[in-house]
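Read the structure below first, then the notes.
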Amino acid sequence: MLVPLTNTPRDYAWGSPTLIAELEGRTPTGAPEAEVWFGDHPGHPARVPDGRALGEWLASGDAPEGTPERLPYLLKILAASSSLSIQAHPSKEQAEAGFAREDADGVARDAGSRNYRDDNHKPEIIVAISDRFRALVGLRPLDQTRRLLATLGAGADPLRSRLTGEQDAEVLRAALRWALSEEARASLPDLVGAIRRANSEEFRQELDVLRRIADEFPGDGGLIVALLMNLVVLRRGEAVFAPAGVLHAYQDGLGVELMAASDNVLRGGLTPKHVDVEELMRVVDTTAGAVPLVEPHGAGELVRYDVGVPDFSLLRVDVNTGTTAHVGLIGPAIALCVAGDVFVAASGMELKLSAGQAVFVTGEPEVSISGTGEVFVAEPGR
């Protein structure tokens, strides 16, 4: 069965006013448009043709036999023009324990101070579909951070003095805790001045991002956290993965994001929302290292981004006139077109998709995709 899905963009302040409209080929509204969700997450579920939320339709019995009542993943178009909050997500075990603990403590599930809104983990992958997508992901090796700090002079002395010790992970853990303290915030004016004056070819893009953050989040200790993080610049089709505990903050660009169906976020700055430093310290992985880029596998029309989680798997399908891609499925899938016009067909049904449009596929072992365009297919993990 093929079921068309629709949804409206979410207007988070960090969203781009143009990127999603340009993708969909319509006039921008003038408001920020940050994300379009294709899934059954109750926070902003996609709609089926009769107007029902996808989750309501799944639970109604109208779906083919064997279709689950909840999807294990959430697929999004994400468009950023300024930094998202710095955040990390818990492991499955941490989420189950945290959710039960906050329930037992009587914290309302919709409370602003609530950390665990469900008992699931939230690993996520994002694939760039703009020519450039910038993100802060993971903690930079300390030798590189020390080189960056050397370009900042005395303004970086309070942070520099905290980056000494034999165990890099423990040094970074202590530095992160300090970065989100009142003491650290008192050092921000000197640090911001140093960032504005600095000049470094090696760290040119890092300094550009840090200057934007300083402008957009004055007085926010998340700037110091951002200074400790890797900057990755993705080109179209490149991807990065954020597993449990890894700090990340998308900066600018258009991407397709796929994650486990969860709303559990521990924030580490660059936000007016609740920042629970102690809980963040329990969850965050302070191992420094390279950005967790995802190496796609495949050839021809089909390329898979495999991150080894049971909740989701992501496939990119590129088709041209005269070619048809046959995509085997292992469970309920969502096909999202991001370029061109394509035709998705299964069991005698065929549906045309243009950029920004999606279809839910269930009860089918395979779909065929033809036309000229680019499609991402989300399904349960393999």
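Scope of the values below: all heavy atoms of this structure, side chains included, with no hydrogens, waters or symmetry mates. Nothing fancy with the numbering, it's 1 onward along the sequence.
If you check the side chains of Ser200 and Glu202, you find no donor sitting under 3.5 Å from an acceptor. No donor-acceptor contact under 3.5 angstrom links the side chains of Thr324 and Ser368, judged on distance only. Side-chain atoms of Ser83 and Glu216 include no donor-acceptor pair closer than 3.5 Å. For the residue pair Thr6 / Arg47, no side-chain donor-acceptor distance below 3.5 Å is found, with atom types taken as modelled.
Residues Pro4 and Leu351 are in side-chain contact: their nearest non-hydrogen atoms beyond the backbone lie under 4.5 Å apart.
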_Evaluate Leu314 against Val127 for side chain to side chain contact (heavy atoms under 4.5 Å, CB included), listing each step before the verdict._
CA-CA 10 Å; Leu314 187 63; Val127 184; 3.7 Å; yes
*Take Ser181 and Glu183, measure what side chain to side chain donor-acceptor pair (under 3.5 Å) needs, and give me the verdict at the end.*
CA-CA 5 Å; Ser181 70; Glu183 180 185 356; 4.9 Å; no
*Given the rule in the side chain to side chain contact (heavy atoms under 4.5 Å, CB included) test, do Leu207 and Leu148 qualify, once you have shown the distances and angles that lead to the verdict?*
CA-CA 9 Å; Leu207 290 168; Leu148 172 56; 4.2 Å; yes
*Taking it one step at a time, do Asp103 and Arg109 satisfy salt bridge (charged side-chain N to carboxylate O under 4.0 Å, His left out)?*
CA-CA 8 Å; Asp103 266 2; Arg109 293 187 182 178; 2.7 Å; yes
*Hey, mind stepping through Leu163 and Asp168 against side chain to side chain contact (heavy atoms under 4.5 Å, CB included) and telling me if it holds?*
CA-CA 8 Å; Leu163 298 185; Asp168 286 1; over 6 Å; no
*Might you work through the side chain to side chain contact (heavy atoms under 4.5 Å, CB included) test for Leu302 and His326, ending with a clear yes or no?*
CA-CA 9 Å; Leu302 306 179; His326 298 279; over 6 Å; no
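For the ring pair (Phe, Tyr, Trp, His ring centres under 6.0 Å) condition, no pair includes a residue of residues 178-218, sequence neighbours left out. A ring pair (Phe, Tyr, Trp, His ring centres under 6.0 Å) check over residues 61-115, counting only residues at least two apart or in different chains, returns the pairs His89-His248. Every pair tested for ring pair (Phe, Tyr, Trp, His ring centres under 6.0 Å) that includes a residue from residues 354-382 fails, sequence neighbours excluded, so the list is empty. Screening residues 222-231 for side-chain hydrogen bond (donor to acceptor under 3.5 Å, both in side chains), with sequence neighbours left out, gives no hits. Identified under the salt bridge (charged side-chain N to carboxylate O under 4.0 Å, His left out) test for residues 365-376, with sequence neighbours left out: Arg236-Glu374, Arg316-Glu374. For the salt bridge (charged side-chain N to carboxylate O under 4.0 Å, His left out) condition, the pairs that include at least one residue of residues 27-46, sequence neighbours left out, are Arg26-Glu33, Glu35-Lys76, Asp40-Arg70. Residue pairs that meet the salt bridge (charged side-chain N to carboxylate O under 4.0 Å, His left out) test with at least one member in residues 246-256, sequence neighbours left out, are Arg132-Asp252, Arg134-Asp252, Arg212-Asp252. Pairs passing the salt bridge (charged side-chain N to carboxylate O under 4.0 Å, His left out) check and including a residue from residues 282-291, sequence neighbours excluded, read Glu279-Arg282.
Side-chain N or O atoms of Ser262 include one that pairs as donor or acceptor with a backbone N or O of Asn120 at under 3.5 Å. Looking at Arg267, its side chain never comes within 3.5 Å of a backbone N or O of Ser85 through a donor-acceptor pair. Looking only at distances, a side-chain donor or acceptor of Ser130 sits under 3.5 Å from a matching main-chain atom of Leu254. Of the possible donor and acceptor atoms, none in the side chain of Asn115 sits under 3.5 Å from a partner among the backbone N and O of Val265. Looking only at distances, a side-chain donor or acceptor of Gln251 sits under 3.5 Å from a matching main-chain atom of Ala249. Although no hydrogens or angles enter the test, the distance criterion places no donor-acceptor pair under 3.5 Å between the side chain of Asp11 and the main chain of Ala31. Remark: side-chain polar atoms of Thr362 are not paired, donor with acceptor, to backbone N or O of Pro332 under 3.5 angstrom. A donor-acceptor pair under 3.5 Å links the side-chain atoms of Ser16 to the main chain of Thr18, judged by distance alone. Side chain of Thr286 to backbone of Ala169: a donor-acceptor contact under 3.5 angstrom is found. Remark: side-chain polar atoms of Asn264 are not paired, donor with acceptor, to backbone N or O of His121 under 3.5 angstrom.
Hydrophobic clustering, with ILVMFWY side chains joined whenever heavy atoms are under 4.5 angstrom apart, keeps Ile369 apart from Val338. Val359 and Leu258 are members of different hydrophobic clusters when ILVMFWY side chains are connected at heavy-atom separations under 4.5 Å. Note on Met1: it clusters hydrophobically with Val48, by side-chain heavy-atom contacts below 4.5 Å among ILVMFWY residues. In the hydrophobic clustering of this structure, Ile334 does not group with Val367; members are Ile, Leu, Val, Met, Phe, Trp, Tyr whose side-chain heavy atoms approach within less than 4.5 Å, directly or through other members.
Nearest heavy-atom pair across Val171 and Gly165 is CG2-CA, 3.8 Å. Listed here is the closest heavy atom pair of Asp341 and Ser354: OD1-OG, 2.5 Å. Taking every heavy atom of both residues into account, Ile77 and Gly356 meet most closely at CD1-CA, 4.2 Å. Nearest heavy-atom pair, Val319 versus Val342, reported as atom, atom and distance to 0.1 Å: CG2-CG1, 4.0 Å. In terms of heavy-atom proximity, Leu270 sits nearest to Leu223 at CD2-N, 3.8 Å. The two residues Trp57 and Pro64 come nearest to each other via the heavy atoms CH2-CD, 4.5 Å.
Here Pro365 pairs with nothing under the side-chain contact (heavy atoms from CB on, under 4.5 Å) rule; sequence neighbours left out. For Ser113, the side-chain contact (heavy atoms from CB on, under 4.5 Å) partners at least two apart in sequence or on another chain are Val107, Ala111, His274. The side-chain contact (heavy atoms from CB on, under 4.5 Å) check on Asp143 picks up Pro141, Arg147, with sequence neighbours excluded.
Within the model, atoms CD of Glu257 and CZ of Phe38 stand 13.0 Å from one another, a figure rounded to the nearest 0.5 Å. Note that CG of Leu58 and CG of Leu54 are 4.5 Å apart. Values are rounded to the nearest 0.5 Å.
One finds a salt bridge joining Arg196 and Asp215 here, because a Lys/Arg side-chain nitrogen approaches an Asp/Glu carboxylate oxygen to under 4.0 Å. Electrostatic pairing of Glu201 and Arg204 counts as a salt bridge here, judged by a charged N lying under 4.0 Å from a carboxylate O. Between Arg304 and Glu379 there is a salt bridge, with a side-chain nitrogen of the basic residue lying less than 4.0 Å from a carboxylate oxygen of the acidic one. Classification of Arg117 and Asp110 as a salt-bridged pair fails, no side-chain N sitting under 4.0 Å from a carboxylate O. In this structure, Arg160 pairs ionically with Asp157, as a charged nitrogen and a carboxylate oxygen lie closer than 4.0 Å. Between Arg52 and Asp50 there is a salt bridge, since at least one side-chain N of the basic residue sits less than 4.0 Å from a carboxylate O of the acidic one.
By the 4.5 Å side-chain criterion applied to Ile, Leu, Val, Met, Phe, Trp and Tyr, Leu84 is assigned to a cluster that also includes Tyr12, Trp14, Trp37, Leu74, Leu78, Ile126, Phe133, Val137, Val232, Leu234, Val240, Val246, Tyr250, Met259, Val291, Leu293.
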